[in-house]
Amino acid sequence: MCSSDLFWCVLLAGLLPYLATGIAKFGGRRTEPYDNRDPRAWLERQQGLARRADNAQKNGFETFPLFAAAVVVAHLHHVRADRLDVLAVAFVAARVLYLVCYLADWALPRSLFWTVGLGCCVGLFLMAV
């Protein structure tokens, strides 16, 4: 049986990129007003915080499918809930810290937290083996 913590982690991981999206579109100073008619082109022209937040959101959408698949596979293979929860919470924590580092423009710690998140996904798959 899986705990509800695991499913909350999947939801939070799925929503984190949208937090970065909001920061990209509405946070900080911009060189031009936000253009909702062509938001992707507008985001590509941004610099600084808005650009980093947009990049973080893209990475969040890229990493989420692997995490969600890892959770499903581990759950289907009846991995103990406490073990799943540890890696799921660690993944979400790593992704939150990744976002903070990206926004602050701290490249090395950002890469470290990205690696931790990837390791959590790999660990979820390996526990299912």
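Val10 and Met127 fall within a single hydrophobic cluster, where Ile, Leu, Val, Met, Phe, Trp and Tyr are joined by side-chain heavy atoms under 4.5 Å apart, directly or via other members. Leu87 and Phe64 end up in the same hydrophobic cluster when Ile, Leu, Val, Met, Phe, Trp and Tyr side chains are linked at under 4.5 Å. Under the 4.5 Å side-chain contact rule for hydrophobic residues, Val89 and Val92 do not share a cluster. The same ILVMFWY cluster, assembled from side-chain heavy atoms under 4.5 Å apart, contains both Leu43 and Phe26.
To the nearest 0.5 angstrom, Leu19 atom CG is 11.0 Å from Leu12 atom CG. The OH atom of Tyr98 sits 11.5 Å away from the CG atom of Leu16 when rounded to the nearest 0.5 Å. In this structure, Phe91 CZ and Leu118 CG are separated by 9.0 Å, a value rounded to the nearest 0.5 Å. A distance of 5.5 Å separates CG of Leu66 from CZ of Phe125, quoted to the nearest 0.5 Å. Atom CG of Leu11 sits about 4.5 Å away from atom CG of Leu15, to the nearest 0.5 Å. Taken to the nearest 0.5 Å, the CG atom of Asp54 stands 12.0 Å off from the CD1 atom of Ile23.
Of all heavy-atom pairs between Thr63 and Trp114, the closest is CG2-NE1, 3.9 Å. Smallest separation of non-hydrogen atoms from Gly60 and Pro17: C-CG, 3.6 Å. Across all their heavy atoms, Ala70 and Cys121 have their closest contact at CB-O, 3.7 Å.
Hydrophobic cluster membership of Val86, counting Ile, Leu, Val, Met, Phe, Trp and Tyr whose side-chain heavy atoms lie under 4.5 Å apart directly or via other members: none, as it forms a cluster of its own.
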> How far apart are the C-alpha atoms of Leu76 and Val72, what are their side-chain angles, what is the distance that settles it, and do they pass the side chain to side chain contact (heavy atoms under 4.5 Å, CB included) test?
Replying inline: CA-CA 6 Å; Leu76 290 175; Val72 169; 3.8 Å; yes
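Judged by distance alone, with hydrogens and angles left aside, the side-chain atoms of His75 form no donor-acceptor pair with the main-chain N or O of Val71 at under 3.5 Å. With Trp106 contributing its side chain and Val100 its backbone, the two residues share no donor-acceptor pair below 3.5 Å.
For the side-chain hydrogen bond (donor to acceptor under 3.5 Å, both in side chains) test, no residue two or more places apart in sequence or in another chain qualifies with Arg83. Not counting sequence neighbours, the partners of Tyr18 by the ring pair (Phe, Tyr, Trp, His ring centres under 6.0 Å) test are Phe61.
In this structure, Leu103 and Leu99 have side chains that are in contact, with non-hydrogen atoms separated by less than 4.5 Å. Using a 4.5 Å heavy-atom threshold, the side chains of Val79 and Leu124 count as separate. Residues Arg45 and Arg51 form no side-chain contact, since every pair of their non-hydrogen atoms from C-beta on lies 4.5 Å or further apart.
A cation-pi arrangement is found for Arg110 relative to Tyr102, the charged atom lying closer than 6.0 Å to the ring centre and inside a 45° cone about the ring normal.
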